Amino acid sequence: MTPLKAIVTLIAAMDEDRLLATEHGIPWKLPQDTTHFRNYTRDKWLLLGRHTFAEMRGWFRQGHTPLVLTSQRSFAPEIGRAVASVPQAIALTEQAGQRELVVCGGGQVYQAAMPYADQLVITRVHHRFPSDGKRVLFPAWKAEEWRETERTDFAVDSEHPWAFSIVTLLRVRW
Ligand SMILES: NC(=O)c1ccc[n+]([C@@H]2O[C@H](COP(=O)([O-])OP(=O)(O)OC[C@H]3O[C@@H](n4cnc5c(N)ncnc54)[C@H](OP(=O)(O)O)[C@@H]3O)[C@@H](O)[C@H]2O)c1
């Protein structure tokens, strides 16, 4: 029997310039966004680049299945498994009967997964973070190919120094 198609979701937090991280890592700390990320990814199959996987060591919980994108054939993560391509990750997710693959970054992996994306779950931090050094960016997307289906706005408060919005976009199918 052919497995059902899984939807591919890219979940990311970025600033107004699509900045994901600088050489010092992610330049904001927004507890409500962290909760959103944890809730969205709970019990799901995840796709991460080898760099992001290394940063997130210790974060994974029972129920997470991380697939680690790498070109290194010998790479063996202590949880989940290594994959060599985005299509391989999608195929494994579908063979396991999962209905969604959640792509968690970083920049290189979002770039590789964007052509396969059905849904974007974007946290947009309403600020522009300066950096002269390394800047990891989320790929640009064409607004006309996506339809906003959900948006929640968060105001500045004592724990959140920047306003932000969590937005869901679905790819428009012609
Ligand atoms: N703001 C956010 O929402 C967010 C989310 C996630 C991560 N981040 C940040 O993003 C940064 C990391 O991003 P990054 O772009 O440097 O690294 P990354 O995407 O996490 O990992 C890059 C690695 O993934 C593998 N890879 C990527 N594309 C591949 C492909 N098409 N085929 C095979 N392997 C592939 C390669 O591993 P090998 O070298 O082993 O081949 C590559 O070196 C960190 O600073 C992190 O904090 C931010």
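Keep in mind that what you see is a predicted model, and the values were worked out from it rather than measured. Order of listing sets the numbers, starting from 1, for every ligand and every atom in it.
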request  = Kindly identify the option in L69, V125, I26 whose heavy atom sits closest to atom 28 (N) of ligand 1.
outcome  = L69
task = Note the single closest protein heavy atom to atom 41 (O) of ligand 1, along with its residue, its atom name and the distance in Å.
result = S71 OG, 2.4 Å
task = Heavy-atom contacts with V109 under 4.0 Å: which atoms of ligand 1 show up? List them by number with element.
result = 19 (O), 27 (C)
query = How far is atom 1 (N) of ligand 1 from its nearest protein heavy atom, and which residue and atom is that?
reply = A13 O, 2.7 Å
task = Report, as yes or no, whether the 6.0 Å neighbourhood of atom NZ on K29 holds more than 12 heavy atoms from other residues, nucleotides or ligands.
result = no
key: Nearest-contact summary for atom 31 (N) of ligand 1 - protein heavy atom, Å   = A112 CB, 3.9 Å
message = With a sphere of 6.0 Å drawn around CD of Q72, does it hold more than 12 non-hydrogen atoms of other residues, nucleotides or ligands?
response = yes
ask   = Could an N or O of ligand 1 be found under 3.5 Å from any N or O of G107, whether backbone or side chain?
value = yes
request  = Look at ligand 1 and say whether Y110 reaches it with a heavy atom at a distance under 4.0 Å.
outcome  = yes
ask   = By number and element, which atoms of ligand 1 are closer than 4.0 Å to a non-hydrogen atom of L20?
value = 1 (N), 2 (C), 48 (C)
query = Less than 4.5 Å apart, any side-chain heavy atom of M56 and any of L48?
reply = yes
message = Using a 3.5 Å cut-off on N or O atoms only, is W28 in polar contact with ligand 1?
response = no
task = Around atom 27 (C) of ligand 1, find the nearest protein heavy atom and jot down its residue, atom name and distance.
result = Q108 OE1, 3.4 Å
Contacting atoms of ligand 1, where contact means under 4.0 angstrom from a heavy atom of T52 = 6 (C), 7 (C), 12 (C), 18 (P), 20 (O)
note = Checking L101, T9, L10, V8 against D118 for side chain to side chain contact (heavy atoms under 4.5 Å, CB included), the one that qualifies is V8
inquiry  = Under a 4.0 angstrom heavy-atom cut-off, which atoms of ligand 1 come close to A21?
reply    = 9 (C), 45 (O)
query = Counting heavy atoms only, which part of E55 comes closer than 4.0 Å to ligand 1: side chain, backbone, both or neither?
reply = side chain
query = Among protein heavy atoms, which lies nearest atom 17 (O) of ligand 1, and at what distance?
reply = H51 ND1, 3.2 Å
ask   = Once the angle between the rings of F37 and W59 is folded into 0 to 90°, is it parallel (under 30°), tilted (30 to 60°) or perpendicular (over 60°)?
value = tilted
request  = Please identify which atoms of ligand 1 are closer than 4.0 Å to at least one heavy atom of Q72.
outcome  = 38 (P), 40 (O)
inquiry  = Would F154 and W162 count as a ring-ring contact (aromatic ring centres under 6.0 Å, His included) here? Give the steps.
reply    = CA-CA 9 Å; F154 298 82; W162 301 281; over 10 Å; no
query = Is it the case that more than 12 heavy atoms not belonging to R147 sit under 6.0 Å from its CZ atom?
reply = no
ask   = Quick check: does any side chain N or O of R124 sit under 3.5 Å from a backbone N or O of I166, one acting as donor and the other as acceptor?
value = no
request  = Kindly indicate whether the side chain of M114, heavy atoms from C-beta on, has any atom under 4.5 Å from the side chain of F138.
outcome  = yes
message = For atom 23 (C) of ligand 1, which of the options R50, E23, R73 provides the nearest non-hydrogen atom?
response = R50
request  = Please say whether more than 12 non-hydrogen atoms of neighbouring residues, nucleotides or ligands are located less than 6.0 Å from CG in N39.
outcome  = yes
task = Give a yes-or-no answer on whether the side chains of D157 and H160 include a donor-acceptor pair shorter than 3.5 Å.
result = yes
note = Looking only at non-hydrogen atoms, the one of P27, G106, A84, C104 nearest atom 32 (N) of ligand 1 is A84
